[in-house]
Structures are given as C-alpha cells and as structure tokens.
Amino acid sequence: NEVDGATGSGTGVLGDTKSVNTYYYNSTYYLYDISKPMNGVIQTLDNYNGGDSSLPGYYITETDNAFTSEREKAAVDAHYYAGKVFDFYYNNFGRVSWDNQGSDITSTVHYGSNYNNAAWIGNQMIYGDGDGSTFTYLSGANDVVGHELTHAVTQSTANLAYENQSGALNESFSDVFGYFMDPGDWLMGEDVYTPGVSGDALRSLSNPPQYGQPDNMSNYQNLPNTQAGDWGGVHTNSGIPNKAAYNTITSIGLSKSEQVYYRALTVYLTPNSTFADAKQALVQSAQDLYGSSTASSVSSAWDSVGVY
Ligand SMILES: O=C(NO)[C@]12CC[C@H](CC1)C2
Ligand SMILES: [Ca+2]
Ligand SMILES: [Zn+2]
C-alpha cells in the first residue's frame, strides 16, 4: 500500500510550514503516516467536541493535501513531531515505535477545553489547546512531544511507578528525552509556554530552581503521595535527576548520554527504582558502553546533586 503514501504540507502551531506524511484514499488525503518501517501507523485525529467521549476522535482530511487552517496547526505539529520521535528512537536505538513492537502512534489534538496539559493515556497521546495564556496548543513543542512519547517508552520498559522517587525519575527521563529531541536549549516546553511572554519555560534542566524545582537532595520535597501532592511531587523532585542529567550531558556529551540513558531505561531500571538506583543504572550503562572514565563522570554528575 506504499503507493497510497503521500507528502502534504502543513502549517505548525508557530506558523511555520512543514511537510507531513499523509495517506491518499478515495480522492482525499489523511493525516495518516504509513511511511515508517513498522506494522502500525502514525495517525493524528481531532477531538472536535473537546470531551474525551469520542477518543481517538475524527480523521483530519484535506482534498488538496494542504493542512493550513488554524484548527489544523495543532494536528500538523502533533503528527510531524511524532514522526521525528519515531525516527529518533529508531535511528539511535533501533526501537520500533514506543513499545518496540511497531504499534500505532495515535495522537488526538484539541482534547478537552482550554486544557493546559498533554498526556500519554496508556495507548495514545492527547494534547490540550492550552488557555492561550499559560499554554498555546501543546503539540507545538518538539520537547513536549518527546516528553510525552517517552512516557510511553517508559511504560513499556522500566515502567517506573508514577509516585515519589520512581515517579520523579519517570518525569525526568521524559524531560531528558524531550531535551534529546530539542538539544538547542536546556528548557522544557518553551515553545508553547506563555505565548505572550518570551524566554520563559515550564522547567529548566540546567537550572531547575529557576522554575521552582530542587536541584539537590538537600531540597527534596516530601509531598503527599496524592493527586493534590502531585503523587509525591513527581514534577517537582524531577529537578534533581534533571540537574544530574545536565551535569552528565555537559560532561560526557550528547551522543554518549543518549545511549547511556536509553540503556539505563531499557535494561536496568524497574518500577520502584529510586534516585540511587538510577545513578547506579546510569553508571553501569556508561561502564558497559564506554568504560570506567565515562562511568566515573556519570557518578560525579550524581554526587553533585547529593545522590551518593
Ligand atoms: O510534565 C508534563 N507532563 O507530565 C507536561 C506538563 C506540560 C507539558 C505537557 C505535559 C509537560
Ligand atoms: Ca526545549
Ligand atoms: Zn510527564
């Protein structure tokens, strides 16, 4: 069915034009990508009514293969960046889709109403529009898409429990792979966060305290393991492993860090891993792949954040 694969054009959230992989069927083009070496597809749908009753929503079609309307911007970027994340995991690690089984990557945009969030809900992505002040369409950031699809990879590998230290690691690995998708800055979500304010972000890997996160165990936040406590502060305490990642990447370089983090996530980490377990997993992965000098650098990166 390759003959039905097509290349369309689209306008992204930030007004940029990009090519998108589409599918031609019955005289119309779909945001549906069959080009990847997998049994599944990359498909992006619209939730229209804003609820979740209609997940995964409705296919997005254009007879002219041009997806340039305001409403289609979120879909264009969700689709485009999902393809980039697939390519990243496939080209760097030979991983075929989020589950390494070639499963579909399904994304639904315009989820909810003014929803300032995005999530992997176990079998697909959902992206809110944001309220236009805190966030714009959340699929407009490659680091956000990388973050969310890494939650899917984590789910099918280490499956880090989403609470306390394992939950903060779950969050940190998503921020780190989000960085790997967007290595031009140390910020998370900057492209879609506060569209009316430039230069700010949701989080910083180089300086977590800039956005209210600890960067050392001395400031670990013991929050309740409840929804109100963000499951023990998984989005707060992730600042500590995030800073360790910044230390690691600036010490051993981007390419080695990608391989070390992927090996730790897929070979060593388990659902109840702690920060100390993560340090050990990353040090061991560095030793496995690159030897004792690199392993020593990784160990120092974690010493610096108070994880000995
Ligand atoms: O950290 C997150 N999820 O665990 C975020 C919050 C805003 C961006 C989209 C989803 C990142
Ligand atoms: Ca970024
Ligand atoms: Zn997350």
Side-chain angles (χ1 to χ4, degrees), residues 5 7-23 30-38 40-47 56-57 59-60 67-93 95-99 103-111 115-121 123-130 135-154 173-185 187-193 195 201-203 258:
T7 303
S9 65
T11 306
V13 172
L14 303 181
D16 52 325
T17 297
K18 57 196 71 176
S19 294
V20 283
N21 291 325
T22 59
Y23 183 78
Y30 292 72
L31 271 190
Y32 185 90
D33 179 356
I34 61 169
S35 72
K36 304 303 182 190
M38 67 188 195
V41 299
I42 297 175
Q43 58 183 0
T44 303
L45 298 90
D46 189 315
N47 205 24
Y59 282 112
I60 298 161
F67 298 78
T68 58
S69 71
E70 177 61 31
R71 181 146 190 109
E72 288 167 331
K73 287 179 174 177
V76 165
D77 276 349
H79 197 65
Y80 179 84
Y81 290 136
K84 294 300 178 193
V85 176
F86 179 92
D87 293 346
F88 172 80
Y89 275 103
Y90 185 71
N91 296 337
N92 286 290
F93 317 116
R95 187 178 192 85
V96 188
S97 196
W98 57 274
D99 61 354
S103 291
D104 288 354
I105 298 177
T106 300
S107 302
T108 300
V109 295
H110 301 303
Y111 176 87
Y115 187 49
N116 284 319
N117 214 333
W120 171 260
I121 59 173
N123 63 340
Q124 69 157 94
M125 279 303 309
I126 55 171
Y127 293 97
D129 290 341
F135 282 108
T136 185
Y137 310 137
L138 278 93
S139 57
N142 54 357
D143 54 13
V144 167
V145 177
H147 175 110
E148 291 308 332
L149 284 172
T150 296
H151 278 311
V153 173
T154 297
F173 271 76
S174 276
D175 279 351
V176 171
F177 280 86
Y179 167 80
F180 291 153
M181 294 309 304
D182 181 37
D185 58 71
L187 299 174
M188 178 68 213
E190 72 282 352
D191 288 344
V192 295
Y193 188 65
L202 189 66
R203 296 187 282 271
E258 289 170 349

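Count residues from 1 along the sequence.
Here the options are Tyr59, Tyr23, Tyr32, the test is side chain to side chain donor-acceptor pair (under 3.5 Å), and the partner is Gln43; only Tyr59 passes. Of the candidates Thr106, Thr108, Asp104, Thr108 is the only one forming a side chain to side chain donor-acceptor pair (under 3.5 Å) with Gln124. Screening Asp185, Asp143, Asp175 against Arg203 for a salt bridge (Lys or Arg N to Asp or Glu O under 4.0 Å) leaves a single residue, Asp175.
The structure places CD1 of Ile60 at 8.5 Å from OG of Ser69, a figure rounded to the nearest 0.5 Å. Rounding to the nearest 0.5 Å gives a distance of 5.0 Å between CG of Asp182 and CD of Glu190. One finds the OH atom of Tyr127 at 8.0 Å from the OG1 atom of Thr44 (value rounded to the nearest 0.5 Å). Residue Asn123 holds its CG atom at 11.5 Å from CG of Asp99, rounded to the nearest 0.5 Å. How far CH2 of Trp120 is from NE2 of His147: 13.5 Å, rounded to the nearest 0.5 Å. Distance OG1/Thr7 to CG/Asp33: 9.0 Å, rounded to 0.5 Å.
Contact check for Tyr137 versus Val192: no side-chain heavy atoms found under the 4.5 Å cut-off. Proximity of Phe135 to Leu202: side-chain heavy atoms (C-beta onward) are separated by under 4.5 Å at one or more points. Put simply, the side chain of Ile105 reaches to within 4.5 Å of the side chain of Phe86, judged on heavy atoms. Inter-residue side-chain proximity for Trp98 and His151 is flagged as unmet; no heavy-atom pair is nearer than 4.5 Å. Here the side chains of Met188 and Tyr193 are not in contact, with every heavy-atom distance at 4.5 Å or above. The closest side-chain heavy-atom distance from Thr22 to Leu31 is below 4.5 Å. Considering only heavy atoms from C-beta on, Lys36 comes within 4.5 Å of Asp87 through its side chain. Residues Val109 and Lys73 are not in side-chain contact: their nearest non-hydrogen atoms beyond the backbone lie 4.5 Å or more apart.
Between the side chains of Asp129 and His110, at least one donor N or O lies within less than 3.5 Å of an accepting N or O. In summary, the side chains of Glu148 and Tyr81 do not present any donor paired with an acceptor at a separation below 3.5 Å, with no hydrogens or angles considered.
Separation of the Phe93 and Phe88 ring centroids falls under the 6.0 Å cut-off.
Between Asn21 and Ser35, the shortest heavy-atom distance links the atoms ND2-OG, 3.3 Å. Of all the heavy atoms in Ser19 and Tyr80, the pair that sits closest is O-CD1, 3.3 Å. Across all their heavy atoms, Met38 and Val96 have their closest contact at CB-CG1, 3.6 Å. For Val85 against Gly146, the heavy-atom pair with the smallest separation is CG2-CA, 3.8 Å. Of all the heavy atoms in Ile42 and Ala82, the pair that sits closest is CG2-CB, 3.9 Å.
Note on ring orientation: taking the six-membered ring where Trp is involved, the planes of Tyr89 and Phe177 are parallel (angle under 30°, cut-offs 30° and 60°).
Evaluation of the side-chain contact (heavy atoms from CB on, under 4.5 Å) rule for Asp191 yields Leu14, Ala141, Asn142 as partners, not counting sequence neighbours.
Checked by atom type and distance alone, the side chain of Ser97 pairs as donor or acceptor with a backbone atom of Ser103 at under 3.5 Å. Side-chain N or O atoms of Ser139 include one that pairs as donor or acceptor with a backbone N or O of Ala74 at under 3.5 Å.
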